[in-house]
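For reference, the structure is listed below as structure tokens.
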2 protein chains.
Amino acid sequence: MNSNNVTIYDVAREAGVSMATVSRVVNGNPNVKPTTRKKVQDAIDRLGYRPNAVARGLASKKTTTVGVIVPDISNIFFADLARGIEDVATMYKYNIILGNSDANRDKEIHLLNTLLGKQVDGIIFMGGRLHEDLVEEFKRSPVPIVLAATLNQGYDLPAVNIDYEQAAYDATEMLIGHGHKQVGFITGPLEQQINGEKKFAGYRRALEDAGLPFQENDVILGNYTYASGLEAMQKMLERDDCPKAIFAGTDEMALGVIHAIQDAGFSVPNDFEVVGHDNTRLATMIRPKLTTVVQPMYDIGAVAMRLLTKILNAEEVEEKNVVLPHRIERRDSLRND
Amino acid sequence: MNSNNVTIYDVAREAGVSMATVSRVVNGNPNVKPTTRKKVQDAIDRLGYRPNAVARGLASKKTTTVGVIVPDISNIFFADLARGIEDVATMYKYNIILGNSDANRDKEIHLLNTLLGKQVDGIIFMGGRLHEDLVEEFKRSPVPIVLAATLNQGYDLPAVNIDYEQAAYDATEMLIGHGHKQVGFITGPLEQQINGEKKFAGYRRALEDAGLPFQENDVILGNYTYASGLEAMQKMLERDDCPKAIFAGTDEMALGVIHAIQDAGFSVPNDFEVVGHDNTRLATMIRPKLTTVVQPMYDIGAVAMRLLTKILNAEEVEEKNVVLPHRIERRDSLRND
DNA sequence: TTTCCAATTGGAAACGTTTTATATGGCGTG
DNA sequence: CACGCCATATAAAACGTTTCCAATTGGAAA
């Protein structure tokens, strides 16, 4: 009855075979005569045998478990990514051990070591910035590591991303195309490469290509949250020459931006136009609905996990640095052309 | 250098002691002479030894890993819960294996068995409804299971919840207190006990206590999402006798409700008043800001995990069925009194 | 000194699998 | 009818810990 503590040995005895044979049946090894297989299967059912994955892991050195490190699972953004990872993991019979790092270096390193101690078969890592010490640890990891929505900063690590620079360029260009001579940019900390070297660079390139001047105070840094977006825009609105077009680094900040504008008595998109980034579910939960850069978090997670399975199975991997396509989803926070 | 594949035996040889002693040092067993401890510790550092948790799990029958089953981690609601669980788990040196069930019975059962196969020390389960088969499996589980934000439906399982009936009562009563003779109720499927037997019951009791009639068509069922809230309210608005006060079963639905009202040209809270449920971060990301019932998901997760650790350590547990306090957070979707 | 007890250490079994090398059986072939 | 081979099955050795029990050590008391 209680399926607990019945071992492969019990099954072997019950079925009148050796444990090796039971092992083969359980693992779908073809070298078993059908009648034997049935006999064993019956014994398994009768006893309610459930293989002990820990023992299996010890003997085979494979745990069919992968570690997932994200900054904060309660952030819709990472949660979406995690779901993509988990779905593909399930598809390939893996389970995931999830850990939150708060993008903190020490936690990241500690988590990594815990996961390696647990003998995960691989790791998917997401973080704002790759600290050197972390990369050192990565390098000596006995299992493969894949970065998701995290730039590999020149290190030779498999990674799945979109082209953030181009995406920011496209968003800025779209705003400029609506006649704006000035575009505000509200994003996260610039020391995170994704903001500093990519989005920011794309923003500047777009200005430059349009022959527009770059103005230091058109850029405000927040911390990705709604509140920081709201605050940043409020600050921006105090200026006499406040830009009437805003590109926000995340949707959540974009919501804050829109509300700050509306709270000040202006209209989006009539007085101000706003473009967000990520296309989280939030984008449609606001009026006007948000035009935003689509960063397919679910897909990034799914592709990252698929990439990891390929590496684990020693399948051929054509390109370790995957760049997924992006696009801009047009909604009502932008005027019609 | 490579901390991989160096075993306790290597450390023992390096330190000139037996593996039993190394094991004691690693596990902080006090019965080791300080000088010996140091010798061993040095050897560990020199070799970069990292204990193999799988072997440890096999020998000790403890994996310091707990399983977490949620319907969908990409839902902000469950993500918050998961974060609470993970934080407390980390505090007690546990890791979590996370699985998504989509509230699907077969997936739930499959997931449960996978987790048990992996020898988790305990499980935290969240789901809309406890199917009989699932409960059967729960009963024969060799490890403790704690329900989080999930009613135990009369089964004797440890659980952490709030008083949903009273919360719904309070919300409805508050709306009635604002002079409404009619209150709309938009929630999830009634077959989920939390909606059908709790929130719905609280709603009806509040009407009854106020001497107001219950009207079938004041209740509309959705599926928790923004879109379903929007749609439900649009339907409601078609009626001539549409209620001017709405209690929505989740914040996300409440946002949909508010937007439906605004899209129809009405004002919240002047024409309609709305109360949500959960107090997710969404509640402040809308104008007007949402008045909502606070269901502390993070806390529920944290308390559930803490409860599980108590059970695992055989600590005394005074009450296995924990009911956390709730309250209503007043914001602008309600008129001032 | 001896004796004895407590503190410390070591040896080896156990945990439940996988896996390798080896044995067995049946059957077609010459 | 004997031989060799392929398909199956078995036995036993890993895998890297923990833990029980026994052995040793050290020092205080006698």
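The sequence lines fix the lettering, A, B, ..., with proteins before strands; numbering per chain opens at 1. Computation of the quantities below employed the complete heavy-atom set of this structure, encompassing side-chain atoms and omitting hydrogens, waters and symmetry-equivalent molecules.
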Which residue pairs pass the salt bridge (Lys or Arg N to Asp or Glu O under 4.0 Å) test when at least one of the two sits in [range], sequence neighbours left out?
range                       : answer
residues 100-112 of chain A : A:Asp102-A:Lys107, A:Asp102-B:Arg83, A:Arg105-A:Asp133
residues 10-33 of chain B   : B:Asp10-B:Arg13, B:Glu14-B:Arg46
residues 114-123 of chain B : none

Legend entry - B:Phe125 and B:Phe138 aromatic centres sub-6.0 Å: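 Between B:Phe138 and B:Phe125, which both carry aromatic rings, the centre distance is below 6.0 Å.
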Legend entry - Short side-chain donor-acceptor distance under 3.5 Å, A:Asn313 and A:Tyr92: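 Distance-only check fails for A:Tyr92 and A:Asn313.
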Inset, instruction - Decide whether A:Asn75 and A:Tyr224 meet the rule of one side-chain donor and one side-chain acceptor closer than 3.5 Å. - result: no
Legend entry - Residues which pass side-chain hydrogen bond (donor to acceptor under 3.5 Å, both in side chains) with A:Glu86, listed by chain and number, not counting sequence neighbours: A:Thr90
Legend entry - B:Ser101: side-chain hydrogen bond (donor to acceptor under 3.5 Å, both in side chains) partners, not counting sequence neighbours: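 Partners of B:Ser101 under the side-chain hydrogen bond (donor to acceptor under 3.5 Å, both in side chains) test: none.
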Inset, instruction - Kindly say if B:Tyr9 contacts the phosphate of D:dA14, meaning a side-chain N or O under 4.0 Å from OP1 or OP2. - result: no
Legend entry - Closest contact, heavy atoms only, A:Leu47 versus A:Val6: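 Looking at all heavy atoms of both residues, the shortest contact is O-CG1, 3.7 Å.
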Inset, instruction - Would you list the pairs meeting side-chain hydrogen bond (donor to acceptor under 3.5 Å, both in side chains) in which at least one residue belongs to residues 122-132 of chain B, sequence neighbours left out? - result: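 Those involving residues 122-132 of chain B do not exist here.
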Can you check nucleotides 8-10 of chain D for protein contacts, nitrogen or oxygen pairs under 3.5 Å, and list what you find?
residue, atom, partner, partner atom, Å
D:dA9, OP1, A:Thr36, OG1, 2.3
D:dA9, OP2, A:Lys33, N, 3.2
D:dT10, OP2, A:Ser18, N, 2.8
D:dT10, OP2, A:Ser18, OG, 3.3
D:dT10, OP2, A:Thr21, OG1, 2.9
D:dT10, O4, A:Arg24, NH2, 2.6

Legend entry - Overall bend - the helix from C:dT1-D:dA30 to C:dG30-D:dC1, comparing terminal axes fitted on five pairs, nearest 10 degrees: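 Between the axes fitted at each end of the helix from C:dT1-D:dA30 to C:dG30-D:dC1 lies an angle of 50°.
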Inset, instruction - For B:Ala59 and for A:Ser23, locate the closest nucleotide of DNA chain C by heavy-atom distance; then report the residue assigned to the nucleotide nearer the 5' terminus. - result: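 Of the two residues, B:Ala59 wins.
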Inset, instruction - Quickly work out the B:Arg50 CZ to D:dT17 P distance and round it to whole Å. - result: 12 Å
Inset, instruction - Please check if atom OH in A:Tyr9 has more than 12 non-hydrogen atoms from other residues, nucleotides or ligands closer than 6.0 Å. - result: no
Inset, instruction - Could you list the residues that satisfy side-chain contact (heavy atoms from CB on, under 4.5 Å) with B:Glu137, not counting sequence neighbours? - result: B:Ile109, B:Leu112, B:Asn113, B:Arg140
Inset, instruction - Not counting sequence neighbours, which residues clear side-chain contact (heavy atoms from CB on, under 4.5 Å) with A:Val317? List them please. - result: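 For A:Val317 the side-chain contact (heavy atoms from CB on, under 4.5 Å) partners, ignoring immediate neighbours, are A:Leu307, A:Lys310, A:Ile311, A:Lys320.
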Legend entry - For chain A, the stretch of DNA chain C it reaches, first to last nucleotide, under 4.0 Å of its heavy atoms: C:dG16 to C:dT19
Distances for protein N or O near nucleotides 4-6 of chain D N or O, under 3.5 Å:
none

Inset, instruction - Please work out if B:Ser60 contacts a base, only the sugar-phosphate, or nothing of the nucleic acid, heavy-atom cut-off 4.0 Å. - result: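 The residue B:Ser60 makes sugar-phosphate contact but no base contact.
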